[in-house]
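Only this structure's heavy atoms are used, side chains among them; waters, hydrogens and symmetry mates stay out.
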Amino acid sequence: RANVLRTMECYEAALEELGCVVDAAPREASVHFLMGKICKQLGRRDSAMIHFSTALDLDPKDSNMIKLSIDKLDSSDIDDD
């Protein structure tokens with residue numbers, strides 16, 4: 001549902017949904033990664049960094065993708081993957 005909301009550009013609602021998911025499954029790296037991407041889209045760099053860092057800690061095997069997203073935090077491109 002959060003991904004659907006994100007594609008509809010309902011970023012706040014998507015974050016709210018993901019917040020519920022994090023409450024139920026706090027160690028799910030993909031949720032933190034998606035929250036980081038949404039926070040970036042909202043211009044919340046610090047929150048995005050926290051979520052990307054959490055995702056990296058929880059799932060080091062996806063480190064290349066997460067590190068790339070961290071490197072792109074200051075760029076204006078929006079990653080729609």
Side-chain angles (χ1 to χ4, degrees):
R1 181 174 168 161
N3 259 333
V4 171
L5 290 167
R6 180 177 172 243
T7 58
M8 294 171 47
E9 298 183 8
C10 298
Y11 301 124
E12 293 293 344
L15 278 178
E16 191 174 317
E17 283 291 318
L18 290 169
C20 293
V21 175
V22 165
D23 289 343
R27 300 194 53 78
E28 187 59 48
S30 62
V31 175
H32 288 282
F33 182 69
L34 183 55
M35 290 179 85
K37 289 176 81 167
I38 293 170
C39 286
K40 179 189 176 190
Q41 289 172 308
L42 290 171
R44 298 178 187 167
R45 185 191 184 287
D46 292 342
S47 293
M49 179 62 88
I50 290 168
H51 288 296
F52 287 145
S53 297
T54 301
L56 188 60
D57 288 343
L58 293 173
D59 192 3
K61 73 179 187 299
D62 281 338
S63 65
N64 288 338
M65 182 173 51
I66 297 168
K67 286 178 183 178
L68 182 62
S69 294
I70 290 170
D71 289 344
K72 289 182 173 183
L73 266 179
D74 290 323
S75 70
S76 61
D77 70 327
I78 306 257
D79 200 11
D80 287 330
D81 297 347

Peer 1: Which atom names give the shortest non-hydrogen contact between R6 and Y11, and what distance separates them?
Peer 2: O-CE2, 3.6 Å
Peer 1: Apply salt bridge (charged side-chain N to carboxylate O under 4.0 Å, His left out) to E12 and list each qualifying residue two or more places apart in sequence or on a separate chain.
Peer 2: R44
Peer 1: Is a side-chain N or O of S53 found less than 3.5 angstrom from the main chain of I50, in a donor-acceptor match?
Peer 2: no
Peer 1: Could you list the donor-acceptor pairs under 3.5 angstrom formed between side-chain atoms of residues 18-35 and any protein atom two or more places apart in sequence or on another chain?
Peer 2:
unit_1	atom_1	unit_2	atom_2	d
E28	OE2	S30	OG	3.1
H32	ND1	H51	ND1	3.4
H32	NE2	P26	O	3.1

Peer 1: By salt bridge (charged side-chain N to carboxylate O under 4.0 Å, His left out), which residues pair with D46, not counting sequence neighbours?
Peer 2: none
Peer 1: Among residues at least two apart in sequence or on other chains, which ones pass side chain to side chain contact (heavy atoms under 4.5 Å, CB included) with L73?
Peer 2: K40, R45, A48, M49, F52
Peer 1: Under the rule for side chain to side chain contact (heavy atoms under 4.5 Å, CB included), what residues qualify as partners of S63, not counting sequence neighbours?
Peer 2: L56, K67
